[in-house]
Amino acid sequence: MKRNGLLSKGRGDRTGRGRVRKGYGWYLVWGLVILATALICFGAGALAARPKVYQESAVPGTVYETETVTEPRLVINQKEVEPVSADPKEEFYLVSETGYLLVFAQDKSTICLHTHIPITEFPQKEQDRLREGIWFESMMEIFQYLESYTS
């Protein structure tokens with residue numbers, strides 16, 4: 001018996017019957033389905049793992065340090081307020097002792113600051129000046145001097 005151009009050996013032989021041969025197109029379709037599923041899962045995981053940013057609102061009636069106050073500030077009890085007296089300029093003495101720089105007060109005996117900066121970080125001319133000692137009018141001048149040579 002001939003069906004669709006094939007010879008059939010009878011009812012007992014079912015080879016080729018009901019079976020449709022699928023080409024490589026089905027593999028391509030299933031591969032695309034698996035790829036799409038993987039991309040969807042990856043995208044969902046990335047969205048779930050991203051850091052969340054919350055916008056915080058200001059607390060009503062709170063003044064933060066960064067805000068400026070424009071209203072005048074009055075002192076209620078003027079009698080107890082003492083004016084700040086201008087101290088005479090206190091001078092400081094920067095000198096090298098035992099290879100490190102120290103800052104002394106005017107009396108040259110009170111240590112104000114241990115700098116832990118070795119004198120070897122300075123040029124030879126400055127090393128000679130530091131061994132003799134240098135006077136500064138303020139601590140800020142000392143910091144600026146040290147910063148200019150150590151940075």
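Keep in mind that what you see is a predicted model, and the values were worked out from it rather than measured.
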Shortest non-hydrogen contact between Thr115 and Leu102, atoms and distance: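 So the minimum-distance heavy-atom pair works out to OG1-N, 4.4 Å.
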Heavy-atom pair with the smallest gap, counting every atom of Arg131 and Val95: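 Answer, listing the atom of Arg131 first, then Val95: O-CG2, 3.9 Å.
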Side chain to side chain, Glu126 and Tyr145, heavy atoms closer than 4.5 Å: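 Side-chain contact under 4.5 Å: yes.
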pair Glu121-Tyr149: side-chain heavy atoms closer than 4.5 Å: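 Glu121 does not reach Tyr149 side chain to side chain.
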Check: Gln127 side chain, Ile119 main-chain N or O, donor-acceptor pair, under 3.5 Å: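 Yes.
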Pair Arg129 + Glu132, salt bridge at N-O below 4.0 Å: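 No, this pair does not count.
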Under a single-linkage definition using a 4.5 Å side-chain heavy-atom cutoff for Ile, Leu, Val, Met, Phe, Trp and Tyr, are [X] and [Y] assigned to the same hydrophobic cluster?
X: Leu94; Y: Phe92; value: yes
X: Ile111; Y: Ile117; value: no
X: Val103; Y: Tyr100; value: no
X: Trp135; Y: Ile142; value: no

Under the side-chain contact (heavy atoms from CB on, under 4.5 Å) test, residues paired with Thr120 that sit two or more places apart: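 If we apply the side-chain contact (heavy atoms from CB on, under 4.5 Å) test to Thr120, skipping adjacent residues, the hits are Pro118.
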Residues forming a side-chain contact (heavy atoms from CB on, under 4.5 Å) with Ser138, sequence neighbours excluded: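 With sequence neighbours excluded, Ser138 shows a side-chain contact (heavy atoms from CB on, under 4.5 Å) to Met140, Glu141, given in chain and number order.
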CA sep, side-chain torsions, deciding dist, call: Phe104, Leu113, side chain to side chain contact (heavy atoms under 4.5 Å, CB included): CA-CA 7 Å; Phe104 288 93; Leu113 179 66; over 6 Å; no
Side chain to side chain contact (heavy atoms under 4.5 Å, CB included) between Phe122 and Leu146, worked out: CA-CA 9 Å; Phe122 292 86; Leu146 294 175; 3.9 Å; yes
Side-chain donor/acceptor pairs under 3.5 Å, residues 30-50, sequence neighbours excluded:
residue: Thr37; atom: OG1; partner: Val33; partner atom: O; Å: 2.8

Glu91 CD to Lys108 NZ distance, which is reported to the nearest 0.5 Å: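 Going from CD on Glu91 over to NZ on Lys108, the span is 10.5 Å.
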